[in-house]
Trainee: 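Have a look at the structure that comes next, please.
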Number of protein chains: 2
Amino acid sequence: MFMVKVDVEENDGVLVPPANFSTVEDGIFRSGFPEPSNFGFLETLNLRSIIYLCPEAYPQENMDFVDAHNIKLFQFGIEGKTDSSSTSIPSYTVTQALKVLIDVRNHPVLIHCKRGKHRTGCLVGCFRKLQTWCLSSVFEEYKRFAGVKWRANDLRFIESFEVMSLRQCLYSIIYQYQGYGSNKRRLLYGEEGIQKPKN
Amino acid sequence: MFMVKVDVEENDGVLVPPANFSTVEDGIFRSGFPEPSNFGFLETLNLRSIIYLCPEAYPQENMDFVDAHNIKLFQFGIEGKTDSSSTSIPSYTVTQALKVLIDVRNHPVLIHCKRGKHRTGCLVGCFRKLQTWCLSSVFEEYKRFAGVKWRANDLRFIESFEVMSLRQCLYSIIYQYQGYGSNKRRLLYGEEGIQKPKN
């Protein structure tokens with residue numbers, strides 16, 4: 001047996017990322033729900049904010065972590081059961097979350113829901129559309145994190161999500177393209193000019 | 001049918017990342033073998049180097065891309081069939097690749113093999129051990145990219161890979177911890193001081 005589940009909080013300097021953790025882009029991270037055992041790892045990210053996608057209240061210990069590190073918490077309550085046709089993902093809420101996500105003043109930012117699969121996957125998928133990734137690559141990334149739990153409804157949501165209106169809306173108040181390197185496809189606030197995200 | 005495979009080279013400004021593409025860390029990327037249809041996307045990464053883990057010669061079109069963009073190609077030929085006990089992953093080669101990988105003078109760097117699953121997964125796994133990630137998180141990340149093709153042999157390789165000697169060896173010539181943010185767990189060359197990676 002070489003695969004042992006780590007469930008201790010102190011690991012002699014060993015870092016424990018939250019489940020399903022990954023870097024989305026420079027300054028943007030994604031994961032499942034952070035447990036206290038992950039707080040040591042999260043500290044190394046120097047987060048400025050967290051985008052939390054569940055309707056449930058944030059647990060006290062996570063609240064304490066966030067307060068102690070001056071992290072801004074943005075909560076967008078999206079129901080978890082989006083696999084049935086009765087509950088659909090609210091595109092307005094995703095749009096609002098996207099606006100927070102692409103604002104570099106909030107970076108480094110961690111996006112998380114419960115498992116880091118569906119709600120987080122939908123938000124990241126819409127973000128990739130804004131970055132003009134082709135849809136098959138967006139779906140591939142979504143499925144990498146959702147695994148066997150992937151939902152056709154989520155892919156349909158991502159495909160039909162309208163980024164053009166968001167782009168138009170953002171163009172009117174803020175923008176400047178920057179990219180991975182110099183072609184970064186991320187929006188910066190106009191009034192801040194070419195200020196670099198904290199890193 | 002909403003999932004269509006994109007196989008055209010020009011996509012009207014739509015970016016096509018290579019299969020299994022992801023950001024590992026600020027300045028470090030991983031993927032499967034880049035096709036010409038991915039070159040437009042790769043340009044946005046402003047790569048300084050590529051770590052290529054297969055023994056096969058680099059195709060001419062990829063060679064042309066690399067030359068045209070002044071990208072340094074580091075090839076470490078590791079056989080692909082590492083699932084049988086007869087062929088084991090050469091830890092010396094992985095160590096050499098790791099030295100290139102953690103040298104920020106080579107960043108931004110793309111690691112790739114054929115599918116971005118096994119050879120790339122092993123190298124990234126060893127890199128995570130250097131970063132003091134706990135083993136269960138390292139395995140989780142490995143499996144996220146390998147999917148159902150994950151190999152117990154690869155996990156055993158990652159677990160038994162000795163990072164301590166690499167650390168010792170590196171400590172003697174180069175180092176400085178920097179991190180995600182200010183705690184970046186990445187080694188910098190001593191003679192360059194705290195020079196930031198190009199971004």
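Convention: sequence-line order gives letters A, B, ...; per-chain numbering from 1.
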Trainee: With hydrophobic residues grouped by side-chain heavy-atom distances under 4.5 Å, do A:F145 and A:I50 end up in a single group?
Mentor: no

Trainee: So, taking the atom named CD in A:E141 and the one named CZ in B:F21, what distance separates them when rounded to the nearest 0.5 Å?
Mentor: 9.0 Å

Trainee: What are the two closest non-hydrogen atoms of A:T23 and B:V24, and how far apart are they?
Mentor: OG1-O, 3.7 Å

Trainee: Determine the minimum heavy-atom distance between A:Q131 and B:L15, stating which atoms define it.
Mentor: O-CD1, 3.6 Å

Trainee: So does B:A19 get a backbone contact from the side chain of A:E140, meaning a donor-acceptor N/O pair under 3.5 Å?
Mentor: no

Trainee: Quick one: which of B:P17, B:S137, B:G147 has the most heavy-atom pairs under 4.5 Å with chain A, could you say?
Mentor: B:P17

